[in-house]
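Take a look at the structure set out below.
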Amino acid sequence: MNVDIGNALDGDLGLTRGDLDALDERVADAHDRIERGRAEAEHGYAALNLPETCDPDAVRRAADGFDPDHLLTVGIGGSALGAATLTDALGSGVDCRYLDNVDPAWVRAILDDVDLSGTVVNVVSRSGTTAETLSNFLVVREAMESAGVDWTDRTVVTTGEAGNLRSMADRHDLPALKVPEGVPGRFSALSTVGLFAAEIAGVDLDALLAGAADEAERLAGSLFESPAYAYGATTYALAERGAATNAVMPYAESLERFAEWFAQLWAESLGKDGRGQTPARALGATDQHSQLQLYRAGPADKLITLVRPREADDVDIPETDLEGLSYLGGSSLGELLDAEFRATEASLAAAGRENVRIEIDRVDARGLGELLYAMEAACVLYGELAGVSTFTQPAVEWGKNAARGLLGGGEFPEADAVTEKRRLEVE
Ligand SMILES: O=P(O)(O)OC[C@H]1O[C@H](O)[C@H](O)[C@@H](O)[C@@H]1O
């Protein structure tokens, strides 16, 4: 993976090469802290050890014997987005669906759409207590029973050492994968959490982890020696100068979910103590025709992260005698996409709008391993530099408690806030 931060310098927000040189001392200290955390397998930092500690054979054993038409992953947040990123980008043959919402009509439509007798269900919850996931699982289980399908033959559980889901797996003797200790959900794509779906969808797990291991090797005490840290340090430095938004814009349809995964990683990890950077999701070239207007000419409070594979399959554009279109004929969709990418990058830079280019060789298992690992390491570095508690999510827990209180799941003072809602209704 390659990161080009040239267009992040000398734009409207005024970040200079000298600023990055000065920041590099702090990067060295942060790197030491990260390495200590990894050596002690501390909570959160342990995620950066996954390329070594993850056992792909355990995942293969859990998947062994299944040859489904559909995979239904029941999970939310980090228990869905990593797997979805991998199967969307790399999966083939198996229809992978993610029940990561409890919109009743949508859940019903998915259950009506898949043949449950040809479906494997992977219920994923680190905590084993997430209301949306457990409720959806109960609905899926009942749907299978109603369809005459033995759900115990077709369910794989991914969860922590103990809890509701672990007990259920034990009781019904279900294949169960363990979520590794010390790995928060949003950092778990390269663990059992993301890898079961990837294995079912035919992804090369060894290549994926090898790509991640390559990026781990490249972590170093200088931002100029590590692509992951170059990205983490630059995003931090720009945020400090007013880049409140980080718009992530992959130039590959298959990476659209990556932007969604990145959004959780960045928002939940760094949005603390009045700080953070709002992740926005865009897609090249499509969003050149919508959001780009704002990115180039709106407030100078954004970084645009452009992501692309250097190589991809191509489709020729047929020759045409249509007036004004002859310049396209004989070219290819890939050439057009490349021109759009470079034109967008240049147009942002010409307007003083900071942007960073991230490239992987191809959208393949190795490239995804590099990309996901590097973004996680970048996020951890940013968190160190900003002095926030990267691996917690108290604001999310607050909302979970309020919802649980409302549903009668216990005494949660957060639920009182719901009755105190301010109203100013206009009819
Ligand atoms: O895996 P689970 O315990 O079900 O958690 C799923 C999600 O729930 C919470 O809302 C956390 O904020 C997320 O970080 C997590 O990924």
Side-chain angles (χ1 to χ4, degrees), residues 1-4 73 77-78 80-92 94 96-98 100 186-190 194-195 197-198 201-205 207-209 211-212 214-215 227-228 231 235 245-267 279-292 295 303-315 333-345 348 355-379:
M1 197 200 77
N2 212 43
V3 172
D4 180 352
T73 300
L81 289 171
T85 300
L86 293 173
T87 61
D88 270 23
L90 306 171
S92 59
V94 179
C96 296
R97 312 281 186 106
Y98 292 85
D100 64 351
R186 57 189 174 276
F187 289 88
S188 66
L190 299 168
L195 264 46
V203 176
D204 180 345
L205 302 189
L208 183 75
L209 293 170
D214 275 358
E215 286 309 312
Y231 186 68
T235 47
T245 298
N246 183 353
V248 175
M249 193 165 178
Y251 273 69
E253 281 282 335
S254 60
L255 294 179
E256 194 172 7
R257 280 276 200 166
F258 160 75
E260 206 180 325
W261 171 85
F262 179 93
Q264 186 201 5
L265 179 75
W266 221 244
R281 282 138 56 180
L283 181 68
T286 312
D287 280 309
Q288 286 176 211
H289 301 275
S290 71
Q291 299 176 38
L292 189 66
Y295 296 167
L303 157 69
I304 294 67
T305 299
L306 304 162
V307 184
R308 73 162 177 179
R310 286 198 195 87
E311 292 168 34
D313 293 343
D314 210 345
V315 173
L333 295 183
E335 282 167 4
L336 178 57
L337 190 64
D338 176 61
E340 299 285 353
F341 176 91
R342 288 187 294 127
T344 300
E345 187 180 51
L348 289 166
N355 59 89
V356 170
R357 180 198 282 208
I358 296 180
E359 289 175 315
I360 52 175
D361 286 342
R362 296 186 71 86
V363 178
D364 60 10
R366 178 170 278 273
L368 260 289
E370 293 172 10
L371 184 62
L372 298 189
Y373 186 92
M375 293 301 102
E376 291 180 18
C379 180

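Note that these values count all heavy atoms, side chains included, but never hydrogens, waters or copies made by symmetry.
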| task | Work out which heavy atom in N355 is nearest to a heavy atom in L303; give both atom names and the distance. | result | CA-CD1, 3.9 Å
| remark: The side-chain hydrogen bond (donor to acceptor under 3.5 Å, both in side chains) partners of D4 (sequence neighbours excluded) come to none
| field | Which atom of G82 lies closest to which atom of A189, heavy atoms considered | value | CA-CB, 3.7 Å
| Partners of T245 by side-chain hydrogen bond (donor to acceptor under 3.5 Å, both in side chains), sequence neighbours excluded? | none
| query | Any side-chain heavy atom of R186 within less than 4.5 Å of one from E376? | reply | no
| field | Residues in side chain to side chain contact (heavy atoms under 4.5 Å, CB included) contact with D361, at least two apart in sequence or another chain | value | R310
| query | For the residue pair G91 and V203, what are the closest heavy atoms and their distance? | reply | N-CG2, 4.4 Å
| Who pairs with R362 by salt bridge (charged side-chain N to carboxylate O under 4.0 Å, His left out), at least two apart in sequence or on another chain? | E311, D313
| Distance (rounded to the nearest 0.5 Å) between R342 CZ and E340 CD | 11.0 Å
| field | Partners passing ring-ring contact (aromatic ring centres under 6.0 Å, His included) against Y373 (at least two apart in sequence or in another chain) | value | none
| query | Closest approach of G78 and S188, non-hydrogen atoms and distance? | reply | O-OG, 3.6 Å
| query | Are the side chains of L292 and D287 in touch, meaning some heavy atoms are under 4.5 Å apart? | reply | no
| request: Would you mind reporting whether L195 and L209 have side-chain heavy atoms less than 4.5 Å apart? | output: yes
| task | Report yes or no: does D338 contribute a side-chain atom to a donor-acceptor pair with the main-chain N or O of G334 at less than 3.5 Å? | result | no
| message | How close do G77 and Q264 get, counting heavy atoms only, and between which atoms? | response | C-OE1, 3.3 Å
| query | Just wondering, do T87 and Y98 contact through their side chains at under 4.5 Å, heavy atoms? | reply | yes
| said: Rounded to the nearest 0.5 Å, what separates atom CZ in R366 from atom CG in L208? | reply: 10.0 Å
| query | Are any of the side-chain heavy atoms of M375 and E215 separated by less than 4.5 Å? | reply | no
| query | About how many Å separate CG of D204 and CG of L368, when rounded to the nearest 0.5 Å? | reply | 12.0 Å
Acceptor/donor pairs from residues 247-263 side chains to any protein atom, 3.5 angstrom cut, sequence neighbours excluded:
unit_1, atom_1, unit_2, atom_2, d
Y251, OH, Q288, OE1, 2.7
Y251, OH, T344, OG1, 3.3
R257, NE, D88, OD2, 3.3

| When rounded to the nearest 0.5 angstrom, what distance separates CG in L81 from CG in D100? | 6.5 Å
| Closest heavy-atom pair and its distance - G194, L86 | O-CD1, 3.9 Å
